[in-house]
*Asks:* 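Let me begin by handing over the structure; questions about it come next.
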Amino acid sequence: MRVLVVEDEQLLADAVATGLRREAMAVDVVYDGAAALERVGVNDYDVVVLDRDLPLVHGDDVCRKIVELGMPTRILMLTASGDVSDRVEGLELGADDYLPKPFAFSELTARVRALGRRTSVPLPPVLERAGIKLDPNRREVFRDGKEVQLAPKEFAVLEVLMRSEGAVVSAEQLLEKAWDENTDPFTNVVRVTVMTLRRKLGEPPVIVTVPGSGYRI
């Protein structure tokens, strides 16, 4: 899942991004509304975590623009105000969910995951394919009933492949969904991660390389 965090309090923004990355999400961070509009214009995000009170371009205007563009991106709006009227106003702007500050990080993560599920074809909460069972919420993976310990990026790559339901996923798509925008597009990180993932999942191999196209399960 790819997420954009838009928050002018840099310490909070960076802390949220770090936490979401530990949950195997690809996260980009910006600190004002103008930069947010620039990012959503060039990258496809599953979820935007959007602070309402932003400098340069207000969060309300960022929300309106995303809605006007007809993007499938889901918006989780943050604000320091917990008034019901403010929450209603934010939802009427087109936000999909609303979370007042201060918030528990576990709740933020749960809301981001729930919104992310809405951007694609509905799938069961626990993904199963080729003897693999993946639970995105618990961040658990089992192969033929035996738990497999994965690093966050390995988990993210496996989740993308599982959600594709047998379709081929290119290296570029994996890079976009599992890594942030600071990753060198010419790096071999995808190939290395897939190799490590194959080894951890064991025999027989379940990740198939499709020459010139990508990978599938």
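The analysis underlying the following values was restricted to heavy atoms, covering all of them including side chains, and did not include hydrogens, waters or symmetry mates. From a predicted model like this one, the values you see are computed outputs, not experimental measurements.
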*Asks:* Hydrophobic clustering (ILVMFWY, side-chain heavy atoms < 4.5 Å, transitive) - are Phe142 and Val148 grouped together?
*Replies:*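 Cluster IDs for Val148 and Phe142 differ.
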
*Asks:* Apply side-chain contact (heavy atoms from CB on, under 4.5 Å) to the pair Leu197 and Leu150, showing each step before the final yes or no.
*Replies:* CA-CA 8 Å; Leu197 186 55; Leu150 299 179; 3.7 Å; yes

*Asks:* Should the heavy atoms of other residues, nucleotides or ligands under 6.0 Å from CZ of Arg113 be counted, would the total exceed 12?
*Replies:*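 Check passes, neighbour count above 12.
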
*Asks:* Of the options Leu20, Val47, Val48, Asp28, which is the one that meets Val5 in a side-chain contact (heavy atoms from CB on, under 4.5 Å)?
*Replies:*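 Result: among Leu20, Val47, Val48, Asp28, Leu20 is the only option passing the side-chain contact (heavy atoms from CB on, under 4.5 Å) with Val5.
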
*Asks:* Does Arg139 have any side-chain hydrogen bond (donor to acceptor under 3.5 Å, both in side chains) partners at least two apart in sequence or in another chain, and if so, which?
*Replies:*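 For Arg139, no residue satisfies side-chain hydrogen bond (donor to acceptor under 3.5 Å, both in side chains) once neighbours in sequence are set aside.
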
*Asks:* Are Tyr31 and Asp14 packed together at the side-chain level, in the sense that at least one heavy-atom pair is separated by less than 4.5 angstrom?
*Replies:*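 Answer yes - side chains close enough.
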
*Asks:* For the side chain of Asp32 and the backbone of Ala35, is there at least one donor-acceptor N/O pair under 3.5 Å apart?
*Replies:*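 It does hold such a pair.
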
*Asks:* Short question: side chain of Arg129, backbone of Ile217 - any donor-acceptor pair under 3.5 Å?
*Replies:*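 Present.
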
*Asks:* Looking at Leu161, Ile132, Val157, which one forms a side-chain contact (heavy atoms from CB on, under 4.5 Å) with Ile207?
*Replies:*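 Answer after filtering Leu161, Ile132, Val157: Leu161.
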
*Asks:* Any sub-3.5 Å donor-acceptor pair from Arg143's side-chain atoms to Leu201's backbone N or O?
*Replies:*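 Side chain of Arg143 to backbone of Leu201, a donor-acceptor pair under 3.5 Å: yes, one is there.
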
*Asks:* Any side-chain heavy atom of Pro136 within less than 4.5 Å of one from Arg163?
*Replies:*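 Answer yes - side chains close enough.
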
*Asks:* Locate the shortest heavy-atom distance separating Lys200 from Glu154; write the atom from each residue and the value.
*Replies:*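 That would be NZ-OE1, 2.8 Å.
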
*Asks:* Grab the two heavy atoms, one from Met77 and one from Cys63, that are nearest each other, plus how far apart they are.
*Replies:*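 Looking at all heavy atoms of both residues, the closest pair is CE-CB, 3.9 Å.
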
*Asks:* Is atom NZ of Lys133 surrounded by more than 12 heavy atoms (other residues, nucleotides or ligands) closer than 6.0 Å?
*Replies:*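 For Lys133, atom NZ is not crowded (no more than 12 foreign heavy atoms under 6.0 Å).
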
*Asks:* With rounding to the nearest 0.5 Å, note down the distance linking CD in Glu23 to OG1 in Thr18.
*Replies:*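 Between Glu23 CD and Thr18 OG1, I get 12.0 Å after rounding to 0.5 Å.
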
*Asks:* Locate the shortest heavy-atom distance separating Met162 from Leu127; write the atom from each residue and the value.
*Replies:*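 Closest heavy-atom pair between Met162 and Leu127: CE-O, 3.5 Å.
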
*Asks:* Which atoms form the tightest heavy-atom contact between Val27 and Ala17, and what is the distance?
*Replies:*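 What the structure gives for the nearest pair is CG1-CB, 3.7 Å.
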
*Asks:* When hydrophobic residues are tied together by side-chain contacts of less than 4.5 Å, even through go-betweens, does Met71 share a cluster with Val30?
*Replies:*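 Yes, Met71 connects to Val30 through the hydrophobic network.
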
*Asks:* Working to the nearest 0.5 Å, report the span between CD of Gln149 and CZ of Phe155.
*Replies:*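 Answer for the CD-CZ pair, Gln149 versus Phe155, is 11.0 Å.
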
*Asks:* Can any side-chain N or O of Asp46 pair as donor or acceptor with the backbone N or O of Arg2 at less than 3.5 Å?
*Replies:*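 Present.
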
*Asks:* Taking the side chain as everything from C-beta on, heavy atoms only, tell me whether Asp53 gets closer than 4.5 Å to Asp8.
*Replies:*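 Asp53 does not reach Asp8 side chain to side chain.
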
*Asks:* Taking salt bridge (Lys or Arg N to Asp or Glu O under 4.0 Å) as the definition, give me every residue that meets it alongside Arg22, ordered by chain and number, with sequence neighbours left out.
*Replies:*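 Per chain and number, Arg22 pairs via salt bridge (Lys or Arg N to Asp or Glu O under 4.0 Å) with no residue.
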
*Asks:* Would you please test Asp97 and Val112 for side-chain contact (heavy atoms from CB on, under 4.5 Å) and show each step?
*Replies:* CA-CA 9 Å; Asp97 200 357; Val112 169; over 6 Å; no

*Asks:* Minimum heavy-atom separation for Val29 and Ala13, please, with both atom names.
*Replies:*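 Smallest interatomic distance, heavy atoms only, reads CG1-CB, 3.8 Å.
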
*Asks:* Any chain of hydrophobic side-chain contacts (each under 4.5 Å) joining Val3 to Phe103?
*Replies:*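 Yes, Val3 and Phe103 fall within the same hydrophobic cluster.
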
*Asks:* Are Leu115 and Phe105 co-members of a hydrophobic cluster defined by side-chain heavy atoms under 4.5 Å apart?
*Replies:*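 Yes; tracing contacts between hydrophobic side chains, which count when under 4.5 Å, links both residues.
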
*Asks:* So Tyr98 and Arg111, side-chain contact (heavy atoms from CB on, under 4.5 Å) or not? Walk me through it.
*Replies:* CA-CA 9 Å; Tyr98 200 95; Arg111 288 175 182 266; over 6 Å; no

*Asks:* Calculate, to the nearest 0.5 Å, the distance between atoms CZ and CE belonging to Arg74 and Met1 respectively.
*Replies:*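 Those atoms lie 12.0 Å apart.
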
*Asks:* Spell out, as yes or no, whether a donor-acceptor pair under 3.5 Å connects the side chain of Glu107 to the backbone of Ala104.
*Replies:*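 Judged by distance alone, no pair lies under 3.5 Å.
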
*Asks:* The criterion is salt bridge (Lys or Arg N to Asp or Glu O under 4.0 Å); which residues satisfy it with Glu38, sequence neighbours excluded?
*Replies:*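 Residues passing salt bridge (Lys or Arg N to Asp or Glu O under 4.0 Å) with Glu38: none at all.
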
*Asks:* If I take atom CD1 from residue Ile66 and atom CG from residue Leu37, how far apart are they, to the nearest 0.5 angstrom?
*Replies:*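 Rounded to the nearest 0.5 Å, the CD1-CG separation comes out at 7.0 Å.
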
*Asks:* Under the criterion salt bridge (Lys or Arg N to Asp or Glu O under 4.0 Å), I'd like the reasoning laid out for Lys101 against Asp51: C-alpha separation, chi angles, the key distance, then a yes or no.
*Replies:* CA-CA 10 Å; Lys101 301 176 185 175; Asp51 182 43; 3.1 Å; yes

*Asks:* For the atom pair CG (Leu50) and NE2 (His58), what is the distance rounded to the nearest 0.5 Å?
*Replies:*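 Going from the CG atom of Leu50 to the NE2 atom of His58 covers 9.5 Å.
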
*Asks:* Would you say the side-chain atoms of Asp96 pair up with the backbone N or O of Ile75, donor to acceptor, closer than 3.5 Å?
*Replies:*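 Judged by distance alone, yes, a pair lies under 3.5 Å.
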
*Asks:* Are Leu4 and Leu69 in one and the same hydrophobic cluster, where Ile, Leu, Val, Met, Phe, Trp and Tyr link if side-chain heavy atoms are under 4.5 Å apart?
*Replies:*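 Yes: a chain of side-chain contacts under 4.5 Å links Leu4 to Leu69.
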
*Asks:* Using side-chain heavy atoms (C-beta onward) and a distance below 4.5 Å, is Arg191 in contact with Tyr215?
*Replies:*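 With C-beta onward as the side chain, the pair touches.
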
*Asks:* Could you check if a side-chain atom of Met25 sits within less than 4.5 angstrom of a side-chain atom of Thr109, using non-hydrogen atoms only?
*Replies:*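 With C-beta onward as the side chain, the pair touches.
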
*Asks:* Decide yes or no for Leu134 and Glu159: does some side-chain heavy atom of the first lie under 4.5 Å from some side-chain heavy atom of the second?
*Replies:*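 They are in side-chain contact.
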
*Asks:* Say whether, by atom type as modelled, one donor and one acceptor occur between the side chain of Glu9 and the main chain of Leu11 under 3.5 angstrom.
*Replies:*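 Judged by distance alone, no pair lies under 3.5 Å.
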
*Asks:* Hey, does the side chain of Thr73 reach the backbone of Tyr45 with a donor-acceptor pair shorter than 3.5 angstrom?
*Replies:*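 It does hold such a pair.
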
*Asks:* Has Lys153 got a side-chain atom pairing as donor or acceptor with Ala178's backbone, closer than 3.5 angstrom?
*Replies:*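 Present.
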
*Asks:* How close do Val206 and Ala130 get, heavy atom to heavy atom, and via which atoms?
*Replies:*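 Shortest heavy-atom separation between Val206 and Ala130 comes out as CG1-O, 3.8 Å.
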
*Asks:* Show the numbers, then the answer: is there a side-chain contact (heavy atoms from CB on, under 4.5 Å) between Glu176 and Asp44?
*Replies:* CA-CA 8 Å; Glu176 179 179 303; Asp44 293 326; 3.8 Å; yes

